[in-house]
There are 2 protein chains.
Amino acid sequence: MTVREDIHSAGIPVLCQSCEARHRGVCGALDPDQLVGLAKTSSRHSVEPGSELIGDAETVDSYSNVLSGVVKLTKSLSDGRQQIVGLQFAPDFLGRPFKMESEINAEAATAVSLCSFPKTAIERMMKQSPELEHRLLKQTLNELDEARDWMVTLGRKTAAEKVASFLLMIARNIDPTLDPATNATSFDLPLTRADIADFLGLTIETVSRQLTRLRTDAVIRIDNNRHVTVDSLTRLASRSGA
Amino acid sequence: MTVREDIHSAGIPVLCQSCEARHRGVCGALDPDQLVGLAKTSSRHSVEPGSELIGDAETVDSYSNVLSGVVKLTKSLSDGRQQIVGLQFAPDFLGRPFKMESEINAEAATAVSLCSFPKTAIERMMKQSPELEHRLLKQTLNELDEARDWMVTLGRKTAAEKVASFLLMIARNIDPTLDPATNATSFDLPLTRADIADFLGLTIETVSRQLTRLRTDAVIRIDNNRHVTVDSLTRLASRSGA
DNA sequence: CAAGGGCTTTGACCGAAATCAAGGCATTGG
DNA sequence: CCAATGCCTTGATTTCGGTCAAAGCCCTTG
């Protein structure tokens with residue numbers, strides 16, 4: 001069971017008072033008393049696609065729960081080559097505990113809404129509440145797992161398998177209409193072709209060609225360049241290389 | 001500062017009684033009283049290169065500190081394609097807290113010595129000692145950082161850059177004779193060409209050819225197929241693509 | 001020493017994906 | 001309505017790394 005599933009199934013809805021929304025991110029680990037303290041300092045934001053959330057530019061001093069939308073984590077080489085090293089969906093927690101040396105950027109891939117807390121507030125709370133740190137450890141272990149799965153994709157899969165794996169991963173994360181009977185599903189791509197290329201270690205052209213192939217082979221349909229309909233998840237999975 | 005450096009610089013030597021060795025892994029987070037309890041259940045092992053430490057076969061029910069040697073973490077696709085997703089050096093902590101779903105294998109790349117504890121003992125201790133969980137969180141964050149760095153290497157670097165990056169990483173981790181003056185260093189490769197290929201997402205032949213190129217360009221020397229001498233770390237770094 | 005096996009190197013050739021180059025198709029704004 | 005802009009697709013060509021094949025080099029073992 002992933003952390004995400006765990007939080008969902010635990011079903012701990014927490015009224016985060018400042019952002020006036022019920023959500024289930026890391027806040028779910030706090031007891032009501034603690035939460036009231038935290039809520040006073042939290043605030044809800046909505047940001048445009050493309051906004052930089054964590055970057056080299058401004059030293060960001062806050063943590064956030066992702067309430068909706070998709071955030072991409074990227075790293076770049078000095079000559080501009082870029083790689084997306086992670087995607088965060090609701091209710092993931094966004095931020096860098098204990099300043100790591102690694103330079104990472106976070107950018108809104110879609111419209112994103114966040115509930116943010118000052119770094120100091122979270123860090124104070126973490127000292128008091130082992131349960132909060134435990135939650136964080138679990139999310140981190142989960143992200144590590146995902147990162148390692150993608151290392152296999154990046155290092156050992158063909159372009160066709162990479163694209164199929166990507167679609168499968170997105171479907172699993174934001175699929176609104178999973179139909180177990182027909183084994184079909186549909187969703188909006190949260191990333192542009194360029195982002196997908198940066199995620200899979202390919203070029204835009206190769207991503208486009210592979211999507212075209214999946215379309216002509218009738219594995220998927222794409223409307224408005226965004227909305228994907230997968231006719232058979234199993235057929236897609238069989239092309240993802242395990 | 002990496003976790004590894006942190007543990008080293010903190011300089012917390014702990015006498016782990018059962019293995020009768022001073023080491024500084026996760027045990028360093030425990031106070032002496034707790035340690036006595038743990039030490040009763042711990043034991044020191046030495047394993048041959050190639051031994052499987054964590055695998056699909058036997059469900060391993062213990063955690064370990066790596067005392068010396070190098071452990072490779074691998075993942076495989078159903079058709080046998082393999083990817084190394086991490087390397088662990090002393091004093092890293094080896095094991096899977098909270099059973100994750102991801103199937104991962106750990107195998108001794110070199111001769112390895114370990115200090116192992118039963119899973120139950122560590123887990124009991126973790127509930128009592130927030131400091132232990134904190135250490136674990138820090139190591140996990142560090143591994144996540146490393147994994148994401150390698151995603152950039154796997155997705156966006158050329159074969160030449162991959163091999164240079166690999167040598168640089170190994171040098172940083174097990175360099176016994178770093179000479180800041182001449183900027184030179186030397187070390188034994190802990191991995192075979194096949195392992196290096198699995199780590200970098202390349203074939204054996206490509207790894208061999210790139211090493212040959214570095215040799216003919218006088219950036220490195222290799223003796224006995226194992227012992228590498230880097231004449232200029234900066235020159236090597238300049239070939240690693242940042 | 002010779003034989004054998006495991007690992008590594010090297011060479012010739014091939015192919016998947018990158019690069020280079022147009023062109024299409026929406027949305028936006030004058 | 002017609003540029004203009006930003007994505008996306010498609011085609012032609014090139015190239016980097018993979019594949020196939022052979023040989024070299026150690027190291028062990030009889």
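- At C/dA18, one or more side-chain N or O atoms of A/Thr203 fall inside 4.0 Å of OP1 or OP2 (strictly under the cut-off).
- Considering only side-chain N and O atoms, A/Arg193 lies nowhere under 4.0 angstrom from the phosphate OP1 or OP2 of D/dC7.
- Atom C1' of nucleotide C/dA18 and atom CD of B/Glu161 are separated by 15 Å, given to the nearest angstrom.
- Between B/Gln88 and B/Glu143 there is a side-chain heavy-atom pair separated by less than 4.5 Å.
- Look at B/Thr206 and you'll find a side-chain N or O under 4.0 angstrom from OP1 or OP2 of D/dG18.
- Separating the CG atom of A/Asn224 from the P atom of D/dG6 is a distance of 20 Å, rounded to the nearest angstrom.
- Ranking C/dA17, C/dT9, C/dT8 by closeness to the A/Leu202 side chain, first place goes to C/dA17.
- For the pair A/Leu211 CG and D/dC7 C1', the interatomic distance rounds to 13 Å; values are reported in whole Å.
- The base of D/dC16 does not come close enough to the side chain of B/Gln210 for any donor and acceptor atom to sit less than 3.5 Å apart.
- Residue B/Thr192 is in sugar-phosphate contact alone, with no base atom involved, counting any heavy-atom pair closer than 4.0 Å across all strands shown.
- Residues B/Ala194 and B/Arg209 each lie close to DNA chain C; by heavy-atom proximity, the contact nearer the 5' end of the strand is made by B/Ala194.
- To the nearest angstrom, C1' of C/dA18 lies 11 Å from CZ of B/Arg156.
- Remark: side-chain polar atoms of A/Asn183 are not paired, donor with acceptor, to backbone N or O of A/Pro180 under 3.5 angstrom.
- If you take CD of A/Glu205 and P of D/dC7, they are 15 Å apart, rounded to a whole angstrom.
- Of the candidates D/dT9, C/dC20, C/dT9, C/dT9 carries the atom nearest the B/Ser208 side chain, counting heavy atoms from C-beta on.
- Residue A/Lys157 contributes atom NZ, which lies 18 Å from atom P of D/dG18 at whole-angstrom precision.
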For B/Arg81 and A/Glu161, run salt bridge (charged side-chain N to carboxylate O under 4.0 Å, His left out): C-alpha distance rounded to whole Å, both residues' side-chain angles, the deciding distance at 0.1 Å, then the answer.
-> CA-CA 13 Å; B/Arg81 281 175 288 176; A/Glu161 290 170 335; 2.8 Å; yes

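- An OP1 or OP2 oxygen of D/dC16 is reached within less than 4.0 angstrom by no side-chain nitrogen or oxygen of B/Thr158.
- Residue B/Arg215 has its side chain nearest to C/dT9 when only D/dC20, C/dT9, D/dT9 are considered.
- Between A/Asp195 and A/Leu189, every side-chain heavy-atom pair lies at or beyond the 4.5 Å cut-off.
- Atoms CD1 (B/Ile204) and P (D/dT19) sit 11 Å apart, rounded to a whole Å.
- B/Thr74 and B/Asn105 form no side-chain donor-acceptor contact under 3.5 Å, judged by distance and modelled atom types alone.
- If you measure from atom NE2 of B/His227 to atom C1' of D/dC26, you get 18 Å, rounded to the nearest angstrom.
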